[in-house]
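Worksheet: one structure, shown below.
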Amino acid sequence: MLVANYFGGSVAVLPILPDGRLGAATDIKHDAGTVGPNKATNAAPGSHAFSGHDRMHAHMIQADSSGRFVLHADLGLDRIFIWKFDQRTGVLTPNDSPALSLPPGDGPRHFFFHPNSRWFYSLQEEASTIVLFDYDAANGQLASRQTISSLPPGFAGSNFCSEIMVSGDGRFLYAGNRLHDSIGIFSVAKSGELAFIGEEWTRGNYPRSFNFDPTGQFFYVCNQRADNITVFRVDRKSGKLTFTGHYIPVGNPSHVVFLDLANAG
């Protein structure tokens, strides 16, 4: 199990024992570097978004599809770290190119690998941007190719990005916008580059996270400050979302995960 410790500014590897319990960490790495500025380089006009540039904040960690490399984002350092991963011992070793920097203050929060494993999308919390990287799976290296706003054209003011996902068919990307309270919808070209095609109001406040159901037909949004989860139908041809009218009351929802009982063993 890979764990990012936000307030500790560290990441850890925990072994999963035969009975499902977690063992003592096989490795812990503490982020180090210079904390970025309070003002994001690519913030929208009039933005006062500031959330994590007070110290190191490891925000997300995930292995690539091969399991040979592990990547993690530190929001406060504006960096994405890349590790070689020994799956036998559970130890992380800095990659040959151990980290890359995002623009100062932009704040990388979450990222998502395209289903083809060749494209990597990073979402910046304070800049409200999405950066497309080409991912070299043989060497665990990233090369940036496109930066696009998560917000509609002409937006001004503060916003905090939250979640990012690509549809299972790889044709559309979705980005969560808190304060703007929307899901930005983007088409994914054959080159991997993004184009803004629309937005959908989340029918709530501060959408912290979202997820598709196992069929990919429905889209569930956690409106953290509205204390509800809202449900949308996904148009698989256009990528757009249509509100079903269904609200699920949940106090302070932060994340939603589906368990596929048919394939749960």
salt_bridge(Glu126, Lys39) N-O dist < 4.0 Å =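 Answer for the salt bridge query: no.
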
Are Asp19 and Arg21 ion-paired here, with the side-chain N under 4.0 Å from a carboxylate O?
->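 Salt bridge between Asp19 and Arg21, a charged N being under 4.0 Å from a carboxylate O: yes.
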
Compare all side-chain heavy atoms of [X] with those of [Y] and state whether any distance is below 4.5 angstrom.
X	Y	answer
Arg145	Ser191	yes
Val250	Asn228	no
Ser187	Leu194	no
Leu71	Phe111	yes
Gln224	Asn252	yes

Reference residue His114; test ring pair (Phe, Tyr, Trp, His ring centres under 6.0 Å); the match among Phe133, Phe120, Trp119, Tyr135 |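 Going through Phe133, Phe120, Trp119, Tyr135 one by one, the ring pair (Phe, Tyr, Trp, His ring centres under 6.0 Å) with His114 is satisfied by Trp119 alone.
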
For Tyr220, the option from Phe212, Tyr247, Phe258 that meets ring pair (Phe, Tyr, Trp, His ring centres under 6.0 Å) =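 Result: among Phe212, Tyr247, Phe258, Phe258 is the only option passing the ring pair (Phe, Tyr, Trp, His ring centres under 6.0 Å) with Tyr220.
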
Please report the closest heavy-atom contact between Asp27 and Gly90, naming both atoms and the distance.
->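 Answer, listing the atom of Asp27 first, then Gly90: CB-O, 3.5 Å.
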
Which heavy atom in Arg171 sits nearest to a heavy atom in Arg236, and how many Å separate them?
->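 Result for this residue pair: NH1-O, 2.9 Å.
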
Classify the side-chain pair [X]/[Y] by whether it contains a donor and acceptor separated by less than 3.5 Å.
X	Y	value
His48	Ser158	no
Ser128	Asn159	yes
Ser65	Ser117	yes
His255	Asn211	no
Ser97	Asn95	no
Asn177	Ser150	yes

Has the side chain of Ser162 got a donor or acceptor atom that lies under 3.5 Å from a matching backbone atom of Pro207?
->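 Yes.
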
Between Ser122 and Gln124, does a side-chain hydrogen bond (donor to acceptor under 3.5 Å, both in side chains) hold up when you go through it step by step?
-> CA-CA 7 Å; Ser122 175; Gln124 282 57 249; 2.6 Å; yes

Which word best sums up how the rings of Phe243 and Phe232 line up, parallel for under 30°, tilted for 30 to 60°, or perpendicular for over 60°?
->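 Correct class here is tilted.
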
Evaluate side chain to side chain contact (heavy atoms under 4.5 Å, CB included) for Tyr121 paired with Leu173, printing each intermediate quantity in order.
-> CA-CA 9 Å; Tyr121 299 94; Leu173 180 144; 3.6 Å; yes

Trace of the ring-ring contact (aromatic ring centres under 6.0 Å, His included) decision for Phe219 with Phe210 | CA-CA 7 Å; Phe219 190 88; Phe210 50 76; 4.9 Å; yes

